[in-house]
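Heavy-atom basis, side chains included; hydrogens, waters and symmetry copies ignored.
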Amino acid sequence: MLLLTGATGLIGSALLERLVARGDEVRCLVRDPARLGPAAAGVQVVRGDLAHPEGFDAAVDGIDTVLHLAAAIRDQRGGSIEALNATATVRLVAAAERAGVGRLVFFSAQGVTLDHGVRFMRAKAVAERAVTESHVPHTVFAPSLVYAPGDPFLTLLERMARLPAVPLGGDARAVFEPIWAQDVADCVMAALERPDAGARYELSGPQALSYEQMVEIVLRAAGRPRPILHVPLALVRPALRALELALGPRAFATWEEAKLMELTMVAARGAADVRALGIAPRAMDEVLSAALERRPCSWTND
């Protein structure tokens with residue numbers, strides 16, 4: 001049996017669909033089982049989340065492989081970025097060791113370091129070290145920016161496209177190699193077939209794009225090309241801090257998320273690791289154009 005955390009996320013939901021279709025026995029650790037939707041009928045559900053590690057031992061009991069995808073890029077009421085990414089992973093790894101889990105698959109990120117200037121990247125580095133230094137055979141995935149049509153990031157950009165100009169913090173020159181969540185899920189499925197303990201895959205799409213170029217692609221796919229308005233970070237920071245103070249986790253964006261979009265995240269070998277797994281990653285404009293053809297209303301309605 002496999003344990004999947006983050007089953008309701010971009011990658012997790014795509015991966016869960018594939019696991020169930022293949023006939024795998026899957027246990028999902030979820031905070032709100034209702035968010036699994038119809039998928040809940042085909043899996044074993046354990047209620048819990050990263051903020052409550054006391055439930056980890058029960059979650060990993062009888063598990064052969066742990067797929068740890070759950071993460072948080074902003075502080076939550078239940079815990080900070082550090083608690084939900086680093087501390088929770090350290091405790092989940094310890095529970096996996098106690099239970100004799102045979103394999104641990106972990107999602108990190110490109111460019112993480114223990115002394116990084118961004119909290120999420122430091123927390124992920126701590127978590128990855130806990131995984132790689134554990135006694136459990138492991139596989140690590142380090143993606144660039146992962147996206148899917150209709151995800152919160154693209155939805156926010158689509159809404160901003162209703163303005164005469166789309167405001168972006170900073171110069172928007174950070175470079176990413178965006179990869180579709182469906183391609184990421186295919187990579188995980190391929191890696192599960194390989195007994196390559198200790199492998200680390202950097203997951204990147206086929207294009208190196210600046211933040212501004214990505215936004216332009218999204219706007220064109222939505223049928224709303226707009227000029228870009230660059231807002232100095234000195235103005236963005238106090239505005240987002242005030243928004244977080246007023247709305248908490250319900251804020252549409254946070255300062256920590258804005259800082260992430262200022263980080264270049266490219267793989268040393270581009271999309272080579274993805275292709276080595278037998279996956280041909282699709283370009284962002286291709287994916288979004290296809291989504292528009294299938295669901296025009298979701299992209300064009302005002």
Just verifying a value: how many Å separate [X] [atom1] and [Y] [atom2], rounded to the nearest 0.5 Å?
X    : Y    : atom1 : atom2 : value
L260 : M265 : CG    : CE    : 7.5 Å
T113 : E128 : OG1   : CD    : 11.0 Å
T5   : L29  : OG1   : CG    : 7.0 Å
I217 : Q213 : CD1   : CD    : 7.0 Å
L157 : R224 : CG    : CZ    : 11.5 Å
F252 : E257 : CZ    : CD    : 10.0 Å

Look only at the side chain of [X] and the backbone of [Y], and say whether a donor-acceptor pair between them is shorter than 3.5 Å.
X    : Y    : answer
T8   : L36  : no
R226 : R162 : no
R74  : A251 : yes
Q110 : V266 : yes
D49  : H52  : yes
D183 : R282 : yes
N85  : A72  : yes
S134 : V131 : yes
R27  : D61  : yes

For [X] against [Y], the heavy-atom pair lying closest together:
X    : Y    : answer
P178 : Q207 : CD-O, 3.6 Å
D171 : H230 : O-CE1, 3.2 Å
S108 : V140 : CB-CG1, 4.0 Å
W255 : V236 : CZ3-CG1, 4.1 Å

Stepwise side chain to side chain contact (heavy atoms under 4.5 Å, CB included) test for R173 and T264: CA-CA 8 Å; R173 292 179 182 174; T264 287; over 6 Å; no
Side-chain contact test, heavy atoms from C-beta onward, threshold under 4.5 Å: evaluate it for [X] versus [Y] and give yes or no.
X    : Y    : result
F106 : F141 : no
E256 : E244 : no
Q44  : M1   : yes
V112 : H116 : no
R18  : L192 : no
M261 : L145 : yes
R275 : P281 : yes
L92  : P53  : no

So, applying side-chain contact (heavy atoms from CB on, under 4.5 Å) with L19, which one of D24, V43, V188 is it?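 Looking at D24, V43, V188, the match for L19 under the side-chain contact (heavy atoms from CB on, under 4.5 Å) is D24.
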Please identify which of these residues, L3, L16, L15, meets the side-chain contact (heavy atoms from CB on, under 4.5 Å) condition with L67.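 Checked L3, L16, L15 against L67; only one passes side-chain contact (heavy atoms from CB on, under 4.5 Å): L15.
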Are L229 and L163 close enough, and set up right, to give a side chain to side chain contact (heavy atoms under 4.5 Å, CB included), and what steps lead you there? CA-CA 11 Å; L229 175 64; L163 301 171; over 6 Å; no
Does the side chain to side chain contact (heavy atoms under 4.5 Å, CB included) test come out yes or no for I228 and L219, once each step is laid out? CA-CA 10 Å; I228 304 296; L219 298 179; 4.2 Å; yes
Side chain to side chain contact (heavy atoms under 4.5 Å, CB included) between D75 and S80, intermediate numbers included: CA-CA 4 Å; D75 294 326; S80 65; 3.6 Å; yes
